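Since the structure comes first, as structure tokens, the remarks are kept for the end.
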Protein chains: 2
Amino acid sequence: MANRVTLDHIAQHVGVSKTLVSLVLNGKAQQYGISRQTCDRVFAAVKELNYRPNQTARSLRTGKTGTIGLVVSDISNTFYAQLARQFEDLATANGYSVFICSTDEDVEKEQRLITMLRNRQVDGLVVSSSQSNAEWLMAINDSGTPLVLIDRHLGASTLTAVVAANRNGGALLANQLFEQGYRHPLVIGLSTNHISSVAERIEGFVEVFKGKGQTCAIREVGFNTLQPDVHSLLANPKLLPFKPDCLFAVNNNVATAALQSLAAMRVKIPNELGLVCFDDLPYFSIIEPTITAVEQPIAAMCGKAFELLQLKMVGDSVEVSQGILELPVKLNIRRSSLKKSK
Amino acid sequence: MANRVTLDHIAQHVGVSKTLVSLVLNGKAQQYGISRQTCDRVFAAVKELNYRPNQTARSLRTGKTGTIGLVVSDISNTFYAQLARQFEDLATANGYSVFICSTDEDVEKEQRLITMLRNRQVDGLVVSSSQSNAEWLMAINDSGTPLVLIDRHLGASTLTAVVAANRNGGALLANQLFEQGYRHPLVIGLSTNHISSVAERIEGFVEVFKGKGQTCAIREVGFNTLQPDVHSLLANPKLLPFKPDCLFAVNNNVATAALQSLAAMRVKIPNELGLVCFDDLPYFSIIEPTITAVEQPIAAMCGKAFELLQLKMVGDSVEVSQGILELPVKLNIRRSSLKKSK
DNA sequence: CTGAAAGCGCTTACAG
DNA sequence: CTGAAAGCGCTTACAG
């Protein structure tokens, strides 16, 4: 319905075979020595009949759909929204369209979505996975579906992954806090702590304090109950082993929830509580106080992920680097982690 | 490569025709009186051989791809990111996958993207269009491609559109400011002011002040030069016909740019300058001061848009309501528009 | 209850 | 330079 005009129509209209038309339209005229004249007649007919090739038919024949599936936990999370945008630009520039799917950190939903994408014959998959082990995705990778992990890796699997230097980022934040006189951090992680990014941020952070002889309180909040969980955590300091003098929010959503909660309780940052966060947000440089955060190399991650994916998609037996590629992060020091007043 | 197992394989494996297998897999066993036993053997083979139907082949045959194209100006804009997420949920729940495309408010890019999506045989299109007239999209709609506009309409065309009550939202904000004693608003719009949403917000706002005998200064900033444009506007009040006592930011991005600029200039809100915004953001209820904003009915807009699109997609000669459907907005009064101190 | 056959709209050897 | 034919993997009348 949407496309009544087919190759046959235009072939008939020009008075040639559809083979010829196809060749011309695919830029193989030169190669097959098709006359300039014939080409022009074909192009004229295409314009006149307003022909648009049916990509579905082409895909069935060629085995390539020109589509990529991007799977993240939640496309409305600013980090993933920015990542999606950057990735979309790369994909579009290279002739691909991208399906975007949100998993809500649900392992089974992720599998359902990925299966659906594979049934749609996507040429490649870029996923920020919530799986707790590499098994399931490894099978997909081994079956020949080009797959690149982004943002999170799945341990020492042979899956290609492009991630931020999470451990180092955590360490940078910890050092900043320590230098400024903070000694008793509360780390707010996620119940999905098995996820590499979160786990490594926390490890990197805790290690630094440990090296200084300080312990951190580590608490987890639920992905779907972020706000209330964070609030009850901050509202009930008695439940912690010590009264924290600073906070490490493990991602932007946790930070936002914490800021919301602290604002409601009128806690002064950084005077009463220091605060640092992994993930930078535009508002972090606007609000009072500005928030110290680690900025992820989103553009670089997308660039590298797309590059690796493309290598796998052309698949000319090129050996694509398996393993984890870590990209450097940037520490943006702002007022929320300023020197603790005695 | 990704899918070596076809219907033929499983037909052979079970020892039946692929017609039968197809019927069973499409839940038509009942209808064709296929025995329970046969069905079970088919299902067993499917599981054993790990068969996944090739959606591309199915699409070519049925003319339905089970895909929808969502076209917005920028998926990384929080408003569109949230909208995309809501829409994705509805689509996924109904068996659709969604292509997401960003146009950067570029009319031609929008056309290129939409053409690409049509070539991919999407079953439907939801677009927040940057076109300055309805012509181009009307042709697509008339050609039979199910199309629903969202967020922005294209004038009194016969295109189906689901939008927020932009005019009313603008008026609500104006009334709030006026009641609080503000008299000299600076309206910061976008150079893409032809866009219905922006235009109506401004109209609704200005009308209210006009009704009170007050004039507004209206200025535009560029989509790609938002930050610097907003800043130079705020940094050079001499260029305005009067010194504004309040600001109306026409969307979340403008508001963010304004806040950034005002923070840098240490302008006190609302004491030195009142501020209201169209689009609510999580940070508006966190920052100091909290920001008065109109909240868009994103979930309702997506729900309605999907519903209308689906009607068009099944296309049982159902007469889908043409025209503009306006959904009510909500005014969230916060501190940034508090009473102006004399 | 079941199968052979046509066809969706392309691309690509193959033959001339 | 050009065309007839096969085939990608499905679904769906049609016939029995």
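Because the structure is a prediction, the values reported are computed rather than measured. First the proteins, then the strands, lettered A, B, ... as listed; each starts at 1.
Rounded to an integer number of Å, the gap from CD1 of A/Ile10 to C1' of C/dG9 is 14 Å. The separation between B/Arg36 atom CZ and C/dC1 atom C1' is 16 Å, rounded to whole Å. What separates CG of A/Asn54 from P of D/dG9 is a distance of 17 Å, to the nearest Å. Atom OH of B/Tyr51 and atom C1' of D/dC10 are 7 Å apart (whole Å). One atom, CG of A/Asn119, and another, C1' of D/dG9, lie 13 Å apart when rounded to the nearest Å. If you measure from atom NE2 of B/His9 to atom P of D/dG9, you get 8 Å, rounded to the nearest angstrom. Between B/Leu60 atom CG and D/dG7 atom C1' there is a gap of 12 Å when expressed in whole angstrom units. Atom pair B/Gln37:CD and C/dC1:P shows a separation of 10 Å (rounding to whole Å applied).
Base pairing of D/dA4 is not made with any nucleotide, judged by Watson-Crick or G-U wobble geometry with both donor-acceptor distances under 3.5 Å. Of the nucleotides present, none pairs with C/dA13 by Watson-Crick or G-U wobble criteria with both distances under 3.5 Å.
A distance-only check finds no donor-acceptor pair linking the side chain of A/Gln121 to the backbone of B/Thr56 [under 3.5 Å]. The backbone N or O of B/Gln55 lies less than 3.5 Å from a partner atom in the side chain of B/Ser59, making a donor-acceptor pair.
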List every contact pair, protein side and nucleotides 12-15 of chain C side both N or O, where the distance is under 3.5 Å.
{"from": "C/dT12", "atom 1": "OP2", "to": "A/Lys28", "atom 2": "NZ", "distance (Å)": "2.9"}
{"from": "C/dT12", "atom 1": "O4'", "to": "A/Arg61", "atom 2": "NH2", "distance (Å)": "3.0"}
{"from": "C/dT12", "atom 1": "O4", "to": "A/Thr19", "atom 2": "OG1", "distance (Å)": "3.2"}

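When the side-chain nitrogen and oxygen atoms of B/Arg58 are compared with OP1 and OP2 of C/dC8, none of them lie within a distance under 4.0 Å. When the side-chain nitrogen and oxygen atoms of A/Thr6 are compared with OP1 and OP2 of C/dG9, none of them lie within a distance under 4.0 Å.
Within 4.0 Å (heavy atoms only), B/Thr38 reaches sugar-phosphate atoms of the nucleic acid but no base atom.
The nearest heavy atom of DNA chain C to B/Ala57 and to B/Leu20 marks one nucleotide each, and the one closer to the 5' end goes with B/Leu20.
Within 6.0 Å of the CD atom in A/Glu307, the count of heavy atoms belonging to other residues, nucleotides or ligands exceeds 12.
Residues B/Phe79 and B/Val72 fail the side-chain proximity criterion, which asks for heavy atoms closer than 4.5 Å. Contact check for B/Val126 versus B/Phe306: no side-chain heavy atoms found under the 4.5 Å cut-off. Looking at A/Arg118 and A/Leu125, their side chains come closer than 4.5 Å, going by heavy atoms from C-beta outward.
Using a 3.5 Å distance cut-off with no hydrogens or angles, the side chains of B/Ser76 and A/Gln82 do not pair a donor with an acceptor.
Of the C1' atoms belonging to D/dT2 and C/dT12, the separation is 14 Å, rounded to the nearest Å.
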